[in-house]
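One structure is given below, encoded as structure tokens.
Just so you know, these numbers come straight off a predicted model, no measurement behind them. In the text below, chain A, chain B and the rest are named by the order of the sequence lines, each starting its count at 1.
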Amino acid sequence: MSKKFYITTPIYYVNDKPHIGHLYTTIAADVLARYYRQNDYEVFFLTGTDEHGAKVAESAKESGLEPKAFTDQNSQLFRDIFKKLDISLDYFIRTTDARHEESVKKFIQKLYDQGDIYEGKYEGLYCVGCEKFITKKELVNGHCPDHKKPPENLTEKNYFFKLKKYLPEVERLIIKDKILIRPDSRKSEVLGFFKQGLDDFSVSREKVEWGIPLPFDAKQKTYVWVEALQNYISAIGYGDNEKDFKKWWPADVHLMARDIIKFHCIYWPALLIASGLEVPKQVYSHGFFTVNNQKMSKSIGNVIDPYTMVEQFGVDATRYLLLSQFPFSQDGDIKASLFKEKYNADLANNLGNLLSRVFNMLEKYCDGKIPQQVASPIYLAPVRELIENLKFNEALREMWQAIDKANKIIDENKPWQMAKDASNRKKLDEILSQLASFLLELVVYIRPFMPSTAATIVGSLESEKITKGEPLFMRI
RNA sequence: CGCCGGGUAGAGCAGUGGCAGCUCGCGGGGCUCAUAAUCCCGAGGUCGGGGGUUCGAAUCCCCCCCCGGCAACCA
């Protein structure tokens with residue numbers, strides 16, 4: 001039986017429209033999913049939308065829609081853009097799926113039955129105008145930004161999870177890399193949370209309407225974070241398909257941005273341990289984008305719309321540009337001109353033009369056929385390890401250095417001069433065959449990043465008569 | 001306040017003790033198979049600031065400045 005690979009992205013909050021950040025995580029996950037599939041792993045690639053909570057209910061109301069209708073609409077936006085970008089997901093989960101809700105209830109009931117959930121009080125700042133708790137961070141001069149009034153202190157009944165009971169075990173697993181947290185810097189950040197001390201956390205809300213009712217107290221709704229994390233197990237059958245669940249769990253990688261590692265590295269493993277399940281093998285946290293050194297935000301108005309990018313560059317180029325520009329583990333800054341420069345330099349000039357050169361010469365000098373079976377003269381092996389370690393930009397850099405070498409080989413050998421003299425026939429055939437072999441080998445690594453580009457290249461090289469064809473990436 | 005990152009050529013980044021690198025852009029030259037593409041050469045940095053350890057520091061230690069993140073829900 002082949003090996004399995006279960007990879008997840010966070011589920012995206014439907015309150016927001018899809019933006020470049022959502023795409024970034026999802027494309028990275030897609031590259032891994034495609035890579036492992038082509039290496040004969042059985043892959044389950046999960047993404048989806050997080051749909052409950054007070055904010056969603058509020059936004060729905062503003063749009064004059066019922067919460068469900070609102071989430072139907074916004075969830076679809078995520079599906080659409082993922083489809084547009086060739087995301088090869090195996091399952092799209094919504095936290096409003098009946099299956100998910102049942103799974104969550106089963107999970108939380110178990111914790112309650114075994115005494116890991118207890119009744120307590122939640123104290124917080126409550127704004128009467130908003131009808132919800134707000135955080136200190138949201139306050140402007142001590143006032144609610146929407147209602148210009150100071151919030152009042154209020155307590156409500158909540159249920160709490162005995163996090164503290166499980167902290168030592170979670171910490172031990174992290175230290176021993178049983179839960180591998182990467183990059184390393186994030187691991188030390190997480191271990192720092194333990195040093196600062198962590199409290200039991202609330203798993204329910206009384207004043208939230210739009211959520212999954214607690215099975216043991218229907219007046220309370222499950223706190224969205226607790227419920228959201230469980231998508232990773234409900235999607236693969238926790239509670240309703242033991243066979244599938246056993247097959248896929250534990251996750252091989254939970255992929256996410258660095259803002260939510262605490263939930264994934266501490267709360268989530270603790271919940272799993274409490275319910276007797278295995279912990280995820282790896283949590284990988286990638287960086288954030290800034291745009292012109294500013295945080296991407298709606299109020300600043302610098303949010304990059306994925307459709308605009310796809311319209312300008314095309315699907316494959318968008319995938320390439322997002323993953324090649326910065327180290328995956330670190331933050332990166334996007335400037336308006338960067339993508340265009342990189343598109344022209346890497347895709348049009350280097351790869352695109354190399355293809356035109358090789359295809360054209362095969363057509364002109366070799367009657368559209370690859371003359372011989374020969375080995376590629378360019379070494380590409382390190383790419384594999386780089387992809388497996390999620391060093392996407394380095395993997396791509398390695399591939400593009402190989403493309404440079406191929407261009408150099410052409411210039412050094414000057415096939416167009418060889419073609420003028422029949423005595424060079426053998427050498428000319430050999431050089432062009434080598435280049436074709438190189439492209440076929442390169443395409444294997446390009447495929448996870450740029451699936452349709454890879455298909456086009458293979459299609460050209462395997463056709464009856466190779467022709468120069470249309471340029472793959474036009475300069476812009 | 002606390003905790004975690006980051007600050008290296010015009011731009012984006014690599015480089016964790018031994019002559020400061022890569023890509024893009026820029027300047028010059030070559031080639032003509034190719035998408036004004038490609039190939040060669042070159043200019044450009046007191047490695048955020050200050051102090052210390054060391055024969056030697058971008059790299060280790062201390063202090064400071066700036067940017068980003070976490071602290072009950074924006075990738």
Side-chain angles (χ1 to χ4, degrees), chain A residues 9-10 12-13 15-16 18-28 50 52-56 122 124 133-137 158 183 185-193 195-196 199 201-202 205 223-228 255-263 267 285-290 293-298 303 324-327 329-335 337-338 341-342 344-350 352-365 393-394 397 400-401 404 406-419 432 468 470-475:
Chain A
T9 73
Y12 304 113
Y13 206 52
N15 219 25
D16 237 355
H19 59 65
I20 212 79
H22 302 114
L23 260 294
Y24 189 57
T25 312
T26 312
I27 290 170
D50 183 10
H52 287 126
K55 280 191 184 170
V56 170
Y122 173 70
F133 285 95
I134 56 180
T135 60
K136 274 188 201 159
K137 199 167 148 188
N158 268 189
S185 54
R186 291 279 111 72
K187 178 178 171 181
S188 44
E189 183 176 350
V190 170
L191 289 171
F193 291 139
K195 289 198 195 85
Q196 287 179 66
D199 287 323
F201 64 94
S202 158
R205 289 290 183 277
Y223 172 48
V224 290
W225 257 112
V226 173
E227 179 230 308
L255 205 60
M256 71 203 61
R258 59 191 172 78
D259 53 340
I260 52 177
I261 53 171
K262 189 175 176 180
F263 292 98
Y267 296 177
S285 138
H286 66 72
F288 267 109
F289 292 136
T290 51
N293 284 316
Q294 281 182 305
K295 197 179 166 179
M296 212 167 46
S297 86
K298 276 187 269 188
V303 176
S324 63
Q325 194 78 298
F326 328 96
S329 61
Q330 283 181 32
D331 288 1
D333 186 52
I334 296 174
K335 290 208 169 40
S337 58
L338 278 180
E341 278 173 10
K342 201 156 177 65
N344 281 331
D346 294 359
L347 297 177
N349 297 355
N350 282 16
N353 186 48
L354 174 68
L355 294 169
S356 291
R357 301 177 89 179
V358 174
F359 292 164
N360 184 52
M361 288 191 282
L362 284 168
E363 180 181 5
K364 266 192 182 164
Y365 307 148
N393 72 319
E394 289 179 47
R397 195 196 304 148
W400 256 257
Q401 273 170 9
D404 282 347
N407 270 317
K408 204 168 291 187
I409 286 173
I410 297 177
D411 271 70
E412 282 166 358
N413 288 282
K414 302 183 174 52
W416 55 90
Q417 279 182 13
M418 293 179 180
L432 292 178
K468 184 182 169 192
E470 289 300 307
L472 258 182
F473 299 99
M474 287 304 293
R475 280 181 65 86

Suppose you measure atom P in rC64(B) against the same atom in rC4(B); what distance do you get, rounded to whole Å? 15 Å
If I take atom NZ in residue K408(A) and atom P in nucleotide rC40(B), what distance separates them, rounded to the nearest angstrom? 4 Å
Does the ring of F193(A) carry K262(A) above it, NZ/CZ under 6.0 angstrom from centre and within 45° of its axis? yes
Counting the atoms with a prime plus P, OP1 and OP2 as sugar-phosphate, which does P415(A) contact under 4.0 Å by heavy atoms, base, sugar-phosphate, or nothing? nothing
Keeping N413(A) on the side-chain end and I409(A) on the backbone end, is there a donor-acceptor pair under 3.5 Å? yes
Looking at every heavy atom in both I410(A) and M361(A), which two are closest together, and how far apart are they? CG2-CE, 3.8 Å
OP1, OP2 of rC4(B) versus side-chain N and O of K262(A): anything below 4.0 Å? no
What integer distance in Å separates W400(A):CH2 from rU38(B):C1'? 16 Å
Taking the side chain as every heavy atom from C-beta outward, state whether F473(A) and L355(A) have any atom pair closer than 4.5 Å. no
Please list, for nucleotides 21-31 of chain B, all pairs of protein and nucleotide N/O atoms separated by less than 3.5 Å.
{"residue": "rC24(B)", "atom": "O2'", "partner": "E341(A)", "partner atom": "OE1", "Å": "3.4"}

Just how far, in rounded Å, is C1' of rA14(B) from CD of E394(A)? 8 Å
Could you tell me if the side chain of H22(A) sits less than 4.5 Å from the side chain of T9(A), heavy atoms only? no
What is the distance from CD of E412(A) to C1' of rC39(B), rounded to the nearest Å? 8 Å
Please classify the nucleic acid contact of F193(A) as base, sugar-phosphate, or nothing, using heavy-atom distances under 4.0 Å. sugar-phosphate
Spacing between K187(A) atom NZ and rC3(B) atom C1', to the nearest angstrom: 18 Å
In Watson-Crick or G-U wobble terms, with both distances under 3.5 Å, the base opposite rG2(B) is rC70(B)
How long is the line joining CG of N407(A) and C1' of rA34(B), in whole Å? 9 Å
Across the strands shown, which category fits G352(A) at heavy-atom distances under 4.0 angstrom: base, sugar-phosphate, nothing? base
Considering only heavy side-chain atoms of N360(A), the closest of rC4(B), rU35(B), rA34(B) is rA34(B)
Which part of the nucleic acid does I261(A) contact within heavy-atom distance under 4.0 Å: base, sugar-phosphate only, or nothing? nothing
Applying a 4.0 Å non-hydrogen cut-off, can you work out what Y223(A) is touching in the nucleic acid: base, sugar-phosphate, or nothing? base
Rounded distance in Å between the P positions of rG17(B) and rG29(B): 44 Å
Can you tell me how far P of rC33(B) sits from CD1 of I410(A), to the nearest Å? 12 Å
Select base, sugar-phosphate, or nothing to describe what Y13(A) touches, counting heavy atoms under 4.0 Å on all strands. base
Looking at residues at least two apart in the chain, or sitting in another chain, which of them share a side chain to side chain contact (heavy atoms under 4.5 Å, CB included) with N393(A)? P327(A), R397(A)
Just jot down the ring pair (Phe, Tyr, Trp, His ring centres under 6.0 Å) partners of Y267(A), sequence neighbours excluded, or say none. F201(A), F263(A)
Rounded distance in Å between the C1' positions of rC40(B) and rG49(B): 40 Å
Separation of atom CE in M361(A) from atom C1' in rC33(B), rounded to whole Å: 5 Å
Listed nucleotide nearest any side-chain atom of E189(A), set rC74(B), rG69(B), rA34(B): rG69(B)
Could you tell me whether the side chain of Y223(A) and the main chain of G53(A) form a donor-acceptor pair under 3.5 Å? no
Quick check for you: among rU38(B), rA72(B), rC74(B), whose closest atom lies nearest to any side-chain atom of K55(A)? rC74(B)
From the candidates rA72(B), rA34(B), rC73(B), the one with an atom nearest any side-chain atom of R357(A) is rA34(B)
